[in-house]
Amino acid sequence: MRNYDLDFLKNFSLVIGFLSAVTVGLILFASYLHGSLPGEVDPRAAKRLQARIAPVGAVYAGATGAASQAAAVAATAAAAVSQVAYGGTLDGAVIYNNLCAGCHTSGAGGAPKLDAAGMGARISKGADLLHRHAIEGYIGAAGVMPAKGGNPALTDEQVIATVDWMLGNIQ
Ligand code: HEC
């Protein structure tokens, strides 16, 4: 072998060796980068997770109560959109007819109706207690009275005015 062939082989091996080292370095760097990124979540897996942790059920008020309760809940949701419920009115009739009637006129879910056997029988509890139960919510033997009838946008004064209107309109 001639001398310049040996020189060439030596230099060529050096270049190949250097390039191999760079390649290995890049592979290691890439796998490090890959490991440091958060993994992608399969959207189907995310959906399954959501379904697993969703609440199991909703309030069931019997076949007859369900429809009016759903209507009352829908009305509540619509009303809750506006900041001050019903324009801040203190007219109990307006609030009752828009919100409370959904349960208290039909007796849905055990809500006492505006008659002697219903709300009439509760007058003896005293207006203060009835006010408080309407504002804070109340779970009694008959069912669940949601706080402020389910509309947190109502002020305490509005709820008190509505309870007073109910107590004044017992037939
Ligand atoms: C989702 C149905 C529902 C809505 C809407 C609702 N109520 Fe009731 N309410 C009930 C039920 C059920 C009870 C009976 C709870 C019990 O005694 O077991 C009740 C009870 C009451 C009582 C009697 C509490 C007591 O201590 O005996 C008052 C007062 C009252 N509601 C006022 C209101 C007012 C005012 C509104 C509207 C702002 C309203 N409710 C809206 C279901 C409802």
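Indexing begins at 1, ligand by ligand and atom by atom, following the structure's order.
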Has ligand 1 got any nitrogen or oxygen that is less than 3.5 angstrom from a nitrogen or oxygen of K125? yes

Return the residue, atom name and 0.1 Å-rounded distance of the protein heavy atom closest to atom 11 (C) of ligand 1. A111 CA, 3.5 Å

State plainly whether the residues K148 and D156 are in salt-bridge range, i.e. N to O under 4.0 Å. yes

Would you say the side chain of D91 lies within less than 4.5 Å of the side chain of I95, judging by non-hydrogen atoms? no

For V144, take its heavy atoms, then give the atoms of ligand 1 lying under 4.0 Å from any of them. 10 (C), 11 (C), 12 (C), 42 (C)

In terms of atom number and element, which parts of ligand 1 are under 4.0 angstrom from non-hydrogen atoms of G109? 12 (C)

of all protein heavy atoms, closest to atom 22 (C) of ligand 1 is M119 CE, 3.8 Å

Point-to-point distance, once rounded to the nearest 0.5 Å, from CD1 of I53 to CG of L49: 4.5 Å

D42/R44 salt bridge by N-O under 4.0 Å criterion: yes

Close-contact set for ligand 1 against L99 heavy atoms, below 4.0 Å: 5 (C), 38 (C)

Please confirm whether the backbone N or O of Y86 pairs with a side-chain atom of T89, one donor and one acceptor, at under 3.5 Å? no

Which residue and atom name correspond to the protein heavy atom nearest atom 15 (C) of ligand 1, and how close is it? G143 O, 3.5 Å

Of H133, H104, Q158, which has the heavy atom at the shortest distance from atom 21 (C) of ligand 1? H104

Please could you name the atoms of ligand 1 that G149 approaches to less than 4.0 Å, counting only its heavy atoms? 5 (C), 41 (C)

Is atom 8 (Fe) of ligand 1 under 2.8 Å from any N, O or S atom of Y138? no

pair I170-I123: side-chain heavy atoms closer than 4.5 Å: yes

Nearest protein heavy atom with distance in Å, relative to atom 39 (C) of ligand 1: M145 CE, 3.2 Å

For atom 34 (C) of ligand 1, find the nearest protein heavy atom and state the residue, atom name and distance (0.1 Å precision). C100 SG, 3.4 Å

For A72 and G102, which heavy atoms make the closest approach, and how far apart are they? CB-CA, 4.0 Å

With respect to V163, determine whether any N or O atom, backbone or side chain, lies less than 3.5 Å from an N or O atom of ligand 1. no

Between H131 and ligand 1, which part of the residue brings a heavy atom under 4.0 Å of the ligand: side chain, backbone, both or neither? neither

Considering heavy atoms of the protein only, find what lies nearest to atom 3 (C) of ligand 1 and give residue, atom and distance to 0.1 Å. C103 SG, 2.7 Å

Could you check atom 17 (O) of ligand 1 against the protein and tell me its nearest heavy-atom contact, residue, atom and distance included? R122 NH1, 2.6 Å

For ligand 1, find out whether one of its N or O atoms is nearer than 3.5 Å to an N or O atom of G140. yes

Would you say H133 and K125 make side-chain contact, with heavy atoms under 4.5 Å? yes

Is G110 in contact with ligand 1, taking contact as a heavy-atom separation below 4.0 Å? yes

Are any of the N or O atoms of V159 closer than 3.5 Å to those of ligand 1? no

Out of curiosity, I135 CD1 to Q158 CD, how far, rounded to the nearest 0.5 Å? 11.0 Å

Between L129 and ligand 1, find which residue part has any heavy-atom pair under 4.0 Å and reply side chain, backbone, both or neither. neither

N/O separation below 3.5 Å, T162 to ligand 1: no

Distance from atom 14 (C) of ligand 1 to nearest protein heavy atom, with residue and atom: P112 CD, 3.4 Å

Side chain, backbone, both or neither: which applies to A141 and ligand 1 if a contact is any heavy-atom pair less than 4.0 Å apart? backbone

Could you check whether any side-chain heavy atom of H131 comes within less than 4.5 Å of a side-chain heavy atom of D164, counting everything from C-beta outward? yes

Testing the basics here: between W165 and A93, what is the closest heavy-atom pair and its distance to 0.1 Å? NE1-CB, 3.4 Å

Taking side chain as C-beta onward, heavy atoms only, is L114 less than 4.5 Å from T105? no

For the atom pair CG (L154) and SG (C100), what is the distance rounded to the nearest 0.5 Å? 7.5 Å

Do you reckon M145 sits in the same ILVMFWY cluster as V163, going by side-chain contacts under 4.5 Å, direct or chained? no

